[in-house]
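Residue numbers start from 1 in every chain, and the chains themselves are labelled A, B, ... in the order their sequence lines are given, proteins ahead of strands. Not measured: the values here are computed from a predicted model.
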2 protein chains.
Amino acid sequence: MVSQRPRSRSGVGQTRERLLVAAREEFAARGFDGAKVDRIARRARINKAMVYYHFSSKAALYLAILREQFAAVAVAVSDARGKGGAPVEQLSRYIDTIAHVALARPHFPPMWLREIAEGGRHLDESVLGELRRVLETLAAILKDGREQGAFRPAHPFVIQMGIMAPLMFFVASAPVRLRVGRKLPPAFALPDLEGVVAHVKASTLAVLSTAPAASGSRRASS
Amino acid sequence: MVSQRPRSRSGVGQTRERLLVAAREEFAARGFDGAKVDRIARRARINKAMVYYHFSSKAALYLAILREQFAAVAVAVSDARGKGGAPVEQLSRYIDTIAHVALARPHFPPMWLREIAEGGRHLDESVLGELRRVLETLAAILKDGREQGAFRPAHPFVIQMGIMAPLMFFVASAPVRLRVGRKLPPAFALPDLEGVVAHVKASTLAVLSTAPAASGSRRASS
DNA sequence: GTCTATATTTTGATAGAC
DNA sequence: GTCTATCAAAATATAGAC
């Protein structure tokens, strides 16, 4: 089940990269069961046997990609927290970071949605660990805020849902939104991610904030 | 591609119901590609040939289930809106209704997440139509609120993400949350749906509201 | 309406030459 | 490291008897 990366570095070793890129696209677009090894190989312009040279199975390949994606998210939010600042600022940066990762790694949101739907059947301990790191980063921010009197008590899981879910959903739902929006009155002009980020920030901070909201200061959308 | 329901009503006609129940479970748990017709038949305690007697293909069966689920959501929110009341009340009821449907039909959230991830590949016009009805119901509530000066302008799509996404995500993520939470400090006691509903209501209303928030009146979680 | 085969294709995975 | 050829096991779908 492990990725058994060959240690020799002859040639550019570009094949493995192409394989990973192709697999990421295929898994994101079709899911684990919908993805076909043949198709991955074709996309990567390599032979199917090469897939099994680099990874012991389709499942191992999938897991490697999943792990890399979650690790990237965990590192990103951890780095963001490392920049310090007031709790409100940190939370805002946390949200920006999630949104940024979702944009920079467009395969992450669909894969994450699928894993949720799947009940996490493909998640092993290492991936769960990365997930925990993300949640712990958020929890630390909330704790700081509470101790400094800026935030009221709140459940990290709940806050995480309020942040992560709309962002993942929004990015992943682009194709569906296009199709639904096409037959809707023009007042429904499709929003952009920035609008969603602004909404998530405003709504999350409003719930957490202990300070009376300055009425009229926050935009709800673009 | 259509469900070609036989018109004869001899016997209790229970087979078809069992088939639908089994298929719903299988599709929700495994997705379209992961679901196997053999397994659906076994679960329904019928023969595989019976599946094809009732539905022309696996895809047609899947679509029938998807359509029924989305129609139920559309009807539920439409009914909820029909009960009238002030915009704030209506929006609150809209959120309750979505949460209630997600609980009453536990297969809906995972199927919805998967369809999003899939880019809506299996959604046909009839399903998209139901989806539009849901969005239009929300848009009508927001419009009322805006006209009555209770809500500030907001993008229906964005508001929909802020409501739908956390609820779907939360319900569907129960298994993953269990596994992640198991190794987290006890302060992370798992939240319940009510906590999420309260958060979604509070945060959405806070963003939309034109009235200064009464500081300290809203709980963020349970 | 229901079942027992069975046809046909696809798919994950491997053997073995180069 | 890379390819060709191929196996063995699923999986969708159908024929046809009862």
Sugar-phosphate or base contact per nucleotide [nucleotides 2-18 of chain D; S, B, -; heavy atom under 4.0 Å]: BBB------SBBBB---
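Relative ring orientation between His122(A) and Phe32(A) is described as tilted, the plane-to-plane angle lying within the 30° to 60° band. The aromatic rings of Phe157(B) and His155(B) sit tilted, their planes meeting at an angle between 30° and 60°.
Between Arg105(B) and Glu68(B) there is a salt bridge, with a side-chain nitrogen of the basic residue lying less than 4.0 Å from a carboxylate oxygen of the acidic one.
Annotation: Arg182(B), atom CZ; neighbour count of heavy atoms from other residues, nucleotides and ligands within 6.0 Å does not exceed 12.
With sequence neighbours excluded, the residues forming a salt bridge (charged side-chain N to carboxylate O under 4.0 Å, His left out) with Glu26(A) are Arg39(A), Arg43(A), listed by chain and number.
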